[in-house]
Amino acid sequence: MELSKLLRPNIASLAPYSCARNEFHGKQARIYLDANENPFNVPFNRYPDPLQLQLKSSLSKLKGVPAANIFLGNGSDEAIDLVYRCFCRPGVDNVVAIEPTYGMYRVCADINDVEYRPVLLDERFQLNADRLLAATDAATKAVWLCSPNNPTGNSLLHDEVMRVIASFQGIVVVDEAYIDFSAEASLTRLLATQPNLVVLQTMSKAWGCAAIRLGMAFASREIIDVFNKVKYPYNVSLPTQQAALEQLQDPFQTDKWVRQLLAERQQLMQAFGELPITEKVFPSDANFFLTRVRGAQHVYDYLTDQGIVVRNRSRVTLCGECLRITVGTRSENTELIGALRRLG
Ligand SMILES: *Cc1c(COP(=O)(O)O)cnc(C)c1O
């Protein structure tokens, strides 16, 4: 794979903005008069580290990925958008994605005026590599996979994912937002041998940090360097970097939450299976599950009236009459099941 041929020509030749904190590569200075900052109001007066090196060092140890292979953004949504801005010529190139999946891939394609080609999963929400690859052509710059997938909850078949990565000549993005809830290993272990692979993760789910907005992309050094060149200079704020560092000090807390949520999910899925309205409960490797019910809109409205919000996915391809249920605390889940039992 030649990265320079995949990139948009304007990005390949881009001279990036050089911010004050980039140009200063010295050791700790005593006096900073380089960035037109206000010397008062410590610590919020200073621009944050544009490359978030301390945070990357911490993540590097935790994930077993070198810091040079990590991009950090304002949620994984920033990395999703960067794939389009770096690789896809508006009105010319296209991307191929599994369907159904996370809605942001399509929204970002639309925003960037890039053709979006959805390829249906099978009735078990599984990926067929040949069918996906058949939808690609010379103008396909990226393929979107999501495993465990949202809104279906299942992991994609490992062999099929591997065939896509091995066969496709462009960028293969695997969104692992829910990987911490899954028994499957992260594909970050393939980065050293797969220069076309981009793995996305986030602090928004298992780490319980959706509010701080911190997403990660793991990829070859070449791809990470391009993302860093195109991103806004100070894309991750100081409070976000500090909060993330603090949360990363306590991975056992995250493990505990995950174990608890998985136990709750099992109980909740079993309780759903016994409700008269339930037609199907789909298997899940995430902190949510998809269920097909009789009268999804009615059930949704009823729950909303009780102050309980779930996600109505009825209008999503292959998800007719389906609700997506996020696993909550024990008492939240008990209330949900209680309300649905009263519905009869
Ligand atoms: C929740 C989710 C994300 C997280 O996005 P952030 O911008 O990091 O909060 C990414 N991908 C998928 C598939 C998700 O469901």
Side-chain angles (χ1 to χ4, degrees), residues 52 55-56 59 62-63 70-85 95-109 111 116 118 121 125 127 142-156 161 171-182 184 186-188 197-219 227 231-232 235-237 239-241 243-244 247-248 254 257-258 261 265 282 284-290 309-313 316-319 322-328:
Q52 311 98 20
L55 183 49
K56 282 177 184 168
L59 276 166
L62 193 81
K63 303 282 181 182
I70 305 176
F71 164 85
L72 298 180
N74 185 340
S76 3
D77 290 346
E78 181 179 358
I80 292 169
D81 190 52
L82 276 171
V83 169
Y84 290 102
R85 293 167 63 208
V95 300
V96 171
I98 56 170
E99 174 84 0
T101 192
Y102 186 46
M104 276 307 282
Y105 315 142
R106 187 196 285 269
V107 170
C108 286
I111 290 169
Y116 184 84
L121 297 169
F125 299 131
L127 165 69
V143 162
W144 294 96
L145 304 177
C146 183
S147 184
N149 191 23
N150 179 5
T152 62
N154 62 299
S155 299
L156 300 179
V161 172
I171 302 294
V172 178
V173 186
V174 182
D175 189 339
E176 295 186 339
Y178 300 97
I179 193 73
D180 297 312
F181 299 103
S182 157
E184 310 247 328
S186 169
L187 294 189
T188 51
L197 177 63
V198 175
V199 176
L200 302 183
Q201 292 185 14
T202 177
M203 290 200 66
S204 296
K205 308 289 159 61
W207 286 89
C209 283
I212 72 172
R213 311 306 302 134
L214 191 85
M216 306 153 230
F218 305 97
F227 284 178
K231 75 177 183 73
Y232 292 151
N235 61 327
V236 180
S237 75
T240 293
Q241 294 188 42
Q247 200 67 45
L248 291 175
T254 300
W257 285 334
V258 167
L261 290 171
R265 184 190 72 196
F282 293 96
S284 169
D285 287 320
N287 65 332
F288 64 86
F289 63 92
L290 195 68
V309 196
V310 298
R311 197 87 200 270
N312 186 357
R313 299 282 73 188
V316 171
T317 328
L318 296 182
C319 299
C322 285
L323 301 176
R324 192 192 68 188
I325 314 288
T326 306
V327 179

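Since this is a predicted model, take the numbers as computed values, not measurements. Indexing begins at 1, ligand by ligand and atom by atom, following the structure's order.
Considering only residues two or more places apart in sequence or on other chains, F288 meets the ring-ring contact (aromatic ring centres under 6.0 Å, His included) condition with Y178.
The protein heavy atom nearest to atom 5 (O) of ligand 1 is S76 OG, 3.3 Å. For atom 3 (C) of ligand 1, the closest non-hydrogen atom on the protein side is K205 NZ, 3.3 Å. Nearest protein neighbour of atom 12 (C) of ligand 1, counting heavy atoms only, is D175 OD2, 3.4 Å.
Checking S155 against E184 by side-chain atom types alone, no donor-acceptor pair falls below 3.5 Å. No side-chain donor-acceptor contact under 3.5 Å links N74 and Y232.
When heavy-atom distances to ligand 1 are checked against a 4.0 Å cut-off, A177 comes that close only through its side chain, counted from C-beta outward.
Residue G75 approaches ligand 1 through these ligand atoms, each under 4.0 Å from one of its heavy atoms: 6 (P), 7 (O), 8 (O). Of all the atoms in ligand 1, the ones that sit under 4.0 Å from a non-hydrogen atom of R213 are 6 (P), 7 (O), 9 (O). Shown in contact with S204 at under 4.0 Å from a heavy atom are these atoms of ligand 1, numbered in order with element: 6 (P), 8 (O), 9 (O). Counting the atoms of ligand 1 from 1 in the order shown, those under 4.0 Å from a heavy atom of Y178 are 1 (C), 14 (C), 15 (O). Near D77, meaning under 4.0 Å from any of its heavy atoms, are these atoms of ligand 1: 5 (O), 7 (O).
The shortest separation from a heavy atom of C146 to ligand 1 is under 4.0 Å, placing the residue in contact.
Atom CD1 of I179 is separated from atom OG1 of T202 by 13.5 Å, given to the nearest 0.5 angstrom. Remark: Q201 CD to L59 CG distance equals 9.0 Å, nearest 0.5 Å. Here the CZ-CG distance, from R265 to D285, works out to 6.5 Å after rounding to the nearest 0.5 Å. Rounding to the nearest 0.5 angstrom, the gap separating the CG atom in L121 from the SG atom in C146 is 10.0 Å.
One N or O on the side chain of N235 and one on the backbone of L72 form a donor-acceptor pair closer than 3.5 Å.
By the 3.5 Å distance cut-off applied to N or O atoms, Y105 is not counted among the residues near ligand 1.
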